[in-house]
Amino acid sequence: MGFPKNFLWGGATAANQFEGAWNEDGKGVSMADVCTTGGVKKGREITLDVHPDLYYPNHDGIDFYHRYKEDIALFAEMGFKVFRFSIGWTRIFPTGLEEKPNEAGLAFYDNVIDECKKYGIEPLITISHYEMPMELAKKYNGWLGRECIDSYMRFCTVIFDRYKDRVRYWLPFNEINAGTMMFGIYLSLGILNGHDGNFSDVEDNPQQRFQALHHQLVANAKAIKLAHEKYPQFKMGNMIAYHLSYPITCDAKDVLANEHTMRIRNWLCSDVQVRGEYPAYMTRYFDEMSVKLNVTPEDIAILKEGTIDFYTLSYYKSNCSSAASDDLVNPYLPSSDWGWQIDEIGLRIALNQIYDRYRIPIMVVENGLGAYDTVTEAGTIEDDYRIDYLKKHIQALGEAVEDGVDLIGYTTWGCIDLVSAGTGEMDKRYGFIYVDRDNFGNGTLERKRKKSFFWYQNVIKTNGEFLGDIED
Ligand code: BGP
């Protein structure tokens, strides 16, 4: 059967992780601009303001802001049909509070979109990817403030109108379900509670977390409603960090606990986004967690009116759960250098679970292997481990298509090396294109094609039929 004829092959990025130019042309400070570098064992620090003596890797990213032409030309050389990127909110509204947008920021994305179009590459835009304006985080405690919905809607209104004739595919929030997990408290919801310290030490407060997530879900639905009413040509998707979890044993208690983990982490947000209402199982969960959501009658109506056209996900790994604990190690799976368990069969399982539940088109918009790369004396990067990971995952996509899943596209994460969201490192590389930059800001930023670049070029050329090593 093979992949559908118009399958969207490509790659994905996020503004704050690769643009750089953090304070150029009127851009304001975003949450990502105040995060330092961490590592596997050391969390990133959040500083409430930018300290001149600290190193913030997102400030320069990989300088896509000044090199977008070269980078998009490389994507085109690989044959990309689609390029996923996000719009830096603080480029358009520096503090999030302005009434009028910053023209220089809008002009930058005009150029990026036009450059994509020049090569026939379809832009896929994430509206908010882990980087709200810092001012909103400080003033409203992030998405805990209902005011953020209006601020976000001003942002959406401006960019929809500006790019309406050139952009069809939109994702209102990156990994919106991050708010169901601890790591989303700062990264996704921007809840600070005055915290100035280790990123992973933020204290959990489920009442705050689910209220802030509710505001994001309302904002998401409002953006979709606006798009559907004014721009019928738009296709509006969600974006879920799919945390596939298996029961650690076949003890019914573990199976039940795993089911619960899957519901809260994966299904809650997309049930709201596809069906337009909170699922029945959340009533008991909120009760047990003593969470009392402030949900207005207008919220209920909006959630119903702003449902998605297609489902998108990131997928990197799987885990196991038991009645006692989540995120247990699966003894059958290998792990990456960052401890993420590699599970390509899990991708096929995930796609089938999603399609069985919702029956709408699906796109995998993030997948890939974060790994250390070395440049050989000859100047090449022989990233066979990355090819191996991607090959197996693309095979799994093919199997899912054969299973009947309506899969419309695949964009690998970090198609060009960029700053890691979780650790702030450059060393955790995902790209087909190597960028000469280290964890401390040294390097020429020169781009080099890795072995996987030529391999992926061939995958796209053959529409996923030929996945063998290019030297085979
Ligand atoms: C996803 C985020 C991305 C990206 C990716 C890899 O959760 O949407 O922004 O960074 O994960 O994670 P990391 O950068 O921590 O390796």
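Everything numeric in this text was worked out from a predicted model, so none of it was measured. Read the numbers this way: they start at 1 and go in the same order the structure lists the ligands and their atoms.
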> Can you list the ligand 1 atoms lying under 4.0 Å from a non-hydrogen atom of Q17?
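Checking each atom against Q17, I get 3 (C), 9 (O), 10 (O).
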> For ligand 1, which atoms sit closer than 4.0 Å to a heavy atom of S420?
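Under 4.0 Å from S420, ligand 1 has these atoms: 13 (P), 14 (O), 15 (O), 16 (O).
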> Is it the case that atom NZ in K450 sees more than 12 heavy atoms from other parts of the structure closer than 6.0 Å?
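Yes, enclosed.
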> Please confirm whether F108 and Y68 have ring centers closer than 6.0 angstrom.
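Distance test on ring centres: under 6.0 Å, yes.
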> Closest non-hydrogen protein atom to atom 15 (O) of ligand 1, residue and atom name please, with distance?
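Atom 15 (O) of ligand 1 sits closest to the protein heavy atom G422 N, 2.8 Å.
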> Report the relative orientation of the aromatic rings in Y430 and W413; use parallel for angles under 30°, tilted for 30 to 60°, perpendicular for over 60°.
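Rings of Y430 and W413: perpendicular, as their planes differ by over 60°.
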> Write out the residue and atom name of the closest protein heavy atom to atom 5 (C) of ligand 1, then the distance separating them to 0.1 Å.
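So the nearest neighbour among protein heavy atoms is Y316 OH, 3.2 Å.
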> By number and element, which atoms of ligand 1 are closer than 4.0 Å to a non-hydrogen atom of K428?
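Here the atoms of ligand 1 in question are 13 (P), 15 (O), 16 (O).
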> With nothing but distance in play, are any N or O atoms of V419 less than 3.5 Å from an N or O of ligand 1?
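In this structure, V419 places no N or O atom under 3.5 Å from an N or O of ligand 1.
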> Side chain, backbone, both or neither: which part of A421 comes within less than 4.0 Å of ligand 1 when only heavy atoms are counted?
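Looking at A421 and ligand 1, atoms from backbone and side chain both fall under 4.0 Å.
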> Could you find the nearest protein heavy atom to atom 7 (O) of ligand 1 and give me its residue, atom name and distance?
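Result for atom 7 (O) of ligand 1: E175 OE1, 2.6 Å.
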> Output yes when the distance from some N or O of ligand 1 to some N or O of Y130 is under 3.5 Å, and no in every other case.
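No.
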> With salt bridge (Lys or Arg N to Asp or Glu O under 4.0 Å) as the test, would you mind laying out the steps for R91 and D25 before giving the verdict?
CA-CA 8 Å; R91 272 197 204 291; D25 298 331; 6.0 Å; no
> Could you tell me which atoms of ligand 1, counted from 1 in the order shown, lie closer than 4.0 angstrom to a heavy atom of Y430?
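Heavy-atom distances to Y430 below 4.0 Å select 6 (C), 12 (O), 13 (P), 16 (O).
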> Below 3.5 angstrom, do we get any N/O pair linking E366 and ligand 1?
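In this structure, E366 places an N or O atom under 3.5 Å from an N or O of ligand 1.
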> Using the test salt bridge (charged side-chain N to carboxylate O under 4.0 Å, His left out), find all partners of E399 that sit at least two apart in sequence or belong to another chain.
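Per chain and number, E399 pairs via salt bridge (charged side-chain N to carboxylate O under 4.0 Å, His left out) with R348.
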> At under 4.0 Å between heavy atoms, which part of F183 makes contact with ligand 1: side chain, backbone, both or neither?
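No part of F183 is near ligand 1 at this cut-off.
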> Does W340 reach ligand 1 with a nitrogen or oxygen that is under 3.5 Å from one of the ligand's nitrogen or oxygen atoms?
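Such a contact does not occur with ligand 1.
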> Show your reasoning for whether salt bridge (Lys or Arg N to Asp or Glu O under 4.0 Å) applies to E77 and R449.
CA-CA 11 Å; E77 193 182 322; R449 296 166 184 80; 2.9 Å; yes
> Can you tell if the side chain of W143 reaches within under 4.5 Å of the side chain of M132, non-hydrogen atoms only?
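They are in side-chain contact.
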> Around atom NZ of K117, are there more than 12 heavy atoms of other residues, nucleotides or ligands at under 6.0 Å?
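For K117, atom NZ is crowded (more than 12 foreign heavy atoms under 6.0 Å).
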> F453: which residues meet the ring-ring contact (aromatic ring centres under 6.0 Å, His included) condition with it, sequence neighbours left out?
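With sequence neighbours excluded, F453 shows a ring-ring contact (aromatic ring centres under 6.0 Å, His included) to no residue whatsoever.
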